[in-house]
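Reading through the structure tokens given below for one structure.
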Amino acid sequence: MINRLYSKFIIFLTILISTLLLGTKFNLKATDSNAKFKTIKSGILTVGTNATFPPFEYVNENGQVDGFDIKLIQAIAKKIGLQCEITDMEFGSLLSAIDNKIDVIASAMTKTEQRAKVVDFSDVYLKTTQYIITTKNRDIKKEESLKGLTVATQTGTTSSDCAKTLKDVKLKEYNRYSDIVSDILNKRVDLAIFDENTANTFGEIYKNKLKVVDASILNFKPEEYSIACSKQKRQLLDAINKALFEIKNDPGPEGYNALVEKYIKNNAYTAPLTKSEKFINKLKANFNKEKIKLYSKGFITTLKITIFAAILGFLLGIILAILKLTKNKKGKKTIIARISSLYIDIIRGTPVLVQLLIMYYVILASCKNSTLVAVIAFGLNSAAYVAEILRGGINAVNIGQTEAGCAMGFTYIQTMLYIVLPQGLKNAVPALCNEFISLLKETAVVGYVALLDLTRAAYQISTATYEPFLPLITVTILYFLTTKIISLGVGIIEKKING
Ligand code: ARG
């Protein structure tokens, strides 16, 4: 009975893996050498940005990345004959993503000497300076007025560098500008340092509560925005500069001046929802067609990563468990058993997020497919837990079974595979299912490596609406329903097995 179930299970697994592998296009294609420019994906300009910085890059009310820089880089890509693909990530991750994950950065990035060591900069497309944004009632006339105050900035920016030169202030760093603004409004911080146009954009939206102060009293230096490009792609940079020059001189609707007019002077960025907005309007803004598309896309990514990682984890877990149980003739643990124990210990003793980041930025840094990186990271992680679960299951199998196997002339591996493992597996089913559910929940951190999963979709939507409640509650319900459905399914399987 158990053996029949076991072989059915193996057949099912094989079919599942093949269908999934065929169905998903893990494009590991090398760059086409005939393409015009050497880019990460042939024919595509992959652009990194941090879409929390209106009017240059932000998520618009449809949940799409929009803004001055986005339109500019799209126009440049069009001119040089490439398609444009935007990747939204943390500002602080942009520089390390260049060459591996993105070709260029279009993110209102100030050209600095420090950054020029790792990237090449295009010609300048805008000049700016740092401003202060604070609540209406606060007077800031000289540097001393800042004494004892908490100053907010975005991590990794020149604003943050500027803030670090201030004396007697407390610094607080954020990932999203929208979070800084809401913390000023909620009085969690006293003021923030933003680039001029972004300070003005937020100042305009919250003109009843916030004010913008020119920070010239603090002697910050003027800054210039450029597109950052890989140092290895000189030709691409030359082409970008040529296109930029043409766009600057184009008086038409796709030219530079038209963009300045639309995004910077007239502020195309629409005000996000306000606290006083009626609930029905909030609902509408949260569940329009675009947002639902975003949730579905995120949900599919979450499922894809979970299922593939679970399969990988399960298969590797079996191997690890068997290896960990191997003994030499004297009945001592083999070297292989020790190595697999060490692997299991390290994986279980470190956060999965750290493992994911190591995979993404170090071990698989040159892998273009972030989903694949996540699958591998979570698969390797889950394998360690699966191995421990299986080991428990196997240990619970009566020792007589192993002896019987040996008496029948089976080798150790054969005894394991045909006699012990099937029974051990049966013992382990409930725990394995729990592992699957944990895995599904743990994938919520993949947003860190610029993947749009369910959690990231909610985050992105709240960046657009400034309304964290509805997106968060939506994904909570979705996660809960999914795990509930899985556990119901598991219950049925368990009953079948035991019956
Ligand atoms: N210009 C500043 C810098 O280069 C801030 C840019 C922030 N941009 C963004 N998209 N978040 O550091």
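Counting starts at 1 for both ligands and their atoms, following the listed order.
The residues Lys207 and Glu204 are annotated as salt-bridged, a charged nitrogen and a carboxylate oxygen being separated by less than 4.0 angstrom. A salt bridge does not link Glu90 to Arg176: none of the charged nitrogens lies less than 4.0 Å from a carboxylate oxygen.
The side-chain hydrogen bond (donor to acceptor under 3.5 Å, both in side chains) contacts involving residues 225-240 comprise Asp99-Ser230, Asp103-Lys233, Asp120-Lys231, Asp195-Tyr225, Arg234-Asp238, where partners must be two or more places apart or lie in separate chains.
The immediate protein surroundings of ligand 1, defined as residues with any heavy atom under 4.0 Å of it, consist of Asn50, Phe53, Glu57, Phe91, Ser107, Ala108, Met109, Thr110, Arg115, Gln154, Thr157, Thr158, Tyr177, Asp195, Tyr225.
Ring pair Phe194/Tyr177: centre-to-centre distance below 6.0 Å.
By the 6.0 Å and 45° rule, Lys262 does not stack over the aromatic ring of Phe68.
Only one option out of Glu196, Glu223, Glu224 pairs with Lys127 in a side-chain hydrogen bond (donor to acceptor under 3.5 Å, both in side chains); it is Glu224.
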